[in-house]
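What follows is a single structure, written as structure tokens, with notes after it.
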Amino acid sequence: MPHYQVVKGARDIFPDEILQWKHIEGVIHRLAALYGFNEIRTPVFEYTELFQRSIGSSTDIVGKEMFSFLPDPAGRSITLRPEMTAGVMRAALQKNLLAAAPVQKLYYISELFRKERPQAGRQRQFSQFGAELLGVSSPAAVAEVITFMMHVFEVLGLQGLTLRINTLGNMDDRKRYREALRNYLAPFYEQLDDASKERFEKNPLRILDSKNPEMQEIVTGAPKLHDYLGRESLDDFEKVLFYLSVRGIPFQIDHRLVRGLDYYSYTAFEVTSSALGAQDALGGGGRYDSLAVELGSSGEVPASGFAVGMERLLIAMQKQGLFSDLEAAAPSVFVIVQQQELFDQALEIVTRLRRAGISTVIDLAGRSMKAQLREANRMNAANALFVGSDELASGKCTMKDLRSSQQEECLLEEIIEKFRQSEPLNPPRS
RNA sequence: GUGAUUGUAGCUCAGUUGGUUAGAGCGCCAGGUUGUGGCCCUGGAGGUCGGGGGUUCGAGUCCCCUCAUUCACCCCA
């Protein structure tokens, strides 16, 4: 039993799993380029107020899940980011990106931190990939980010996904609805659970998607948000659904979908996977026009975005066997040393092969030939190159194809030439 | 924060109503083959039985505490 363990809720990712991550990341980067999204990286921490203002102080994230600390006794509180949108918006506003170009399409793959009890599909350090489309108020913008997200899932081969979508209306609609909802809930106030009582004042909409059966009971008779939506909101939502339909993206309208962050308006959506456990939300997002103003912008910045949990993506793909054809990079040549006295000369050969662009390894531990061969086999090396007194005397090498077990003697130059033909040094990008 | 679950070798796990030196498979190392891997055979290394306390002649096994794990609630990716 090792003395030290990883911090609760964090985990190590070892080389075999890195293959899976790189595969997913590769698809994300490729499709982002296809859709014209550009990568952004922001610091892992921000001033705590940023999250309090943006995510909302009534949310669980801000209320109890943030890792916050004081960098020095007199300093401002800093928080390890629990989500990306606030930081990206802060960066965009600080640099005044929209003045340089009025439409910004950004994406990221980043690490986030939330102080929760870990369980399947939930960690304290986790990562999300996501996109933010700033500066466009057209419903085509939300449709664009949803399409990008669903396209990634499709290329990765995921099955069993459900896209649920709703509209929360604009700020005026929500204000009117909030009042109506409060009037309806007021007589039930004493029956509300603690969380719902808290939300009654701050954000009663969130009582709607409570999973507490008793709350659900109370809420069934509540006025419907949909009935309070103005013409503008309805038109916007219809357009979003139209764009999705046209692109063949299946969805379910769910009028109870609210989502936890305070800054959403208009469209909100969520994708769940049947391959996941209790934490089955693979990703979600929406429209958040009011966020910029909340962060001090003089005018509204229409914005749409989504975030997808990378670990959950990974779990879902593993469950569905979507990584079966991934193979670790194997060296082309494993140089085998007959006697350790010849090691230095063998190293020179290794260097020449590497300089020629041929991936080459050699046993550095001074082990027996048998152990070296076993290692070559374990690494799935394509060839073994034997360096012994005979070879050095004749100036030739013995090269063995480890798959076919055929071996032949030839000059080192011939080997290099052979590889140059079969694996070019600068392979064309696919 | 709440509930439940599981902690025995590097990994996956056995361990009978408490009873001698705690086992298996896989993996690792070495030898069989002193210049040749995989397959096979033989051998070897590796364990404070999560930790602490208690009951007992005797505890991996029973009791208490503690730490950690996992799953679930809450909420979210």
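Since we're looking at a predicted model, the values are computed, not measured. In what follows, chains are A, B, ... by sequence order, proteins preceding strands, each numbered from 1.
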(message) Less than 4.0 angstrom between a side-chain N/O of A:Q279 and OP1 or OP2 of B:A77, yes or no?
(response) no
(message) If you compare every side-chain N and O of A:R378 against the phosphate oxygens of B:C29 (OP1, OP2), does one of them come in below 4.0 Å?
(response) yes
(request) Report the residue from A:L257, A:L282, A:D280 that forms a side chain to side chain contact (heavy atoms under 4.5 Å, CB included) with A:E270. (result) A:L257
(request) With RNA chain B as reference, determine whether A:G9 or A:R114 sits nearer its 5' end, using the nearest nucleotide of each. (result) A:G9
(message) Judged by each residue's nearest nucleotide on RNA chain B, which is more toward the 5′ side, A:G284 or A:R117?
(response) A:R117
Take atom [atom1] of [X] and atom [atom2] of [N], then tell me their distance rounded to the nearest Å.
X      : N     : atom1 : atom2 : result
A:L158 : B:A77 : CG    : P     : 18 Å
A:Q5   : B:C67 : CD    : C1'   : 9 Å
A:R256 : B:C75 : CZ    : P     : 13 Å
A:R81  : B:A77 : CZ    : P     : 15 Å
A:Q119 : B:U2  : CD    : P     : 16 Å
A:Y4   : B:U69 : OH    : P     : 16 Å
A:L257 : B:A77 : CG    : P     : 11 Å
A:K64  : B:C76 : NZ    : P     : 10 Å

(request) Select base, sugar-phosphate, or nothing to describe what A:G121 touches, counting heavy atoms under 4.0 Å on all strands. (result) base
(message) Donor-acceptor check, side chain of A:R114 to backbone of A:P82, threshold 3.5 angstrom: yes or no?
(response) yes
(message) Please enumerate all residues that pass salt bridge (charged side-chain N to carboxylate O under 4.0 Å, His left out) together with A:R312, with sequence neighbours excluded.
(response) none
(message) Across nucleotides 30-45 of chain B, 5' to 3', mark each nucleotide with B, S or - according to how protein heavy atoms within less than 4.0 Å reach it.
(response) SBB--BBBB-------
For [N] and [M], measure between their [atom1] atoms and round to the nearest Å.
N     : M     : atom1 : value
B:C26 : B:U21 : P     : 28 Å
B:U16 : B:C75 : C1'   : 46 Å
B:U33 : B:G46 : C1'   : 27 Å

(message) Taking A:E144 first and then A:K105, would you say they form a salt bridge - that is, a charged N and a carboxylate O separated by under 4.0 Å?
(response) yes
(message) One thing to verify: whether A:R81 and A:E46 come together as a salt bridge, which I'm taking to mean a side-chain N less than 4.0 angstrom from a carboxylate O.
(response) no
(message) side chain to side chain donor-acceptor pair (under 3.5 Å) for A:T398 and A:Q407? Distances and angles first, verdict last.
(response) CA-CA 7 Å; A:T398 303; A:Q407 72 181 53; 5.3 Å; no
(request) If the plane angle is over 60° it's perpendicular, under 30° parallel, otherwise tilted; pick one for A:H226 and A:H255. (result) tilted
(request) Quick one: sort the A:F148 and A:F37 rings into parallel, tilted or perpendicular, breaks at 30° and 60°. (result) parallel
(message) Can you say whether a donor on the side chain of A:R312 sits under 3.5 Å from an acceptor on the base of B:C76, or the other way round?
(response) yes
(message) A:R11 and salt bridge (charged side-chain N to carboxylate O under 4.0 Å, His left out): which single residue from A:E17, A:E311, A:E111 fits?
(response) A:E17
(message) What stems show up for RNA chain B when you take Watson-Crick pairs (N1-N3 plus N6-O4 or O6-N4) and G-U wobbles (N1-O2, O6-N3), both under 3.5 Å, and require three or more consecutive pairs?
(response) B:1-4 with B:70-73, B:10-13 with B:23-26, B:28-32 with B:40-44, B:50-54 with B:62-66
(request) Would you indicate which nucleotide in B:U2, B:C71, B:C76 comes nearest to any side-chain atom of A:A120? (result) B:C71
(request) Please determine, for the side chain of A:E116, which listed nucleotide (B:C28, B:A77, B:G3) has the closest atom? (result) B:A77
(message) Assess, by modelled atom type and distance only, whether the side chains of A:Q159 and A:Q320 contain a donor and an acceptor separated by less than 3.5 Å.
(response) no
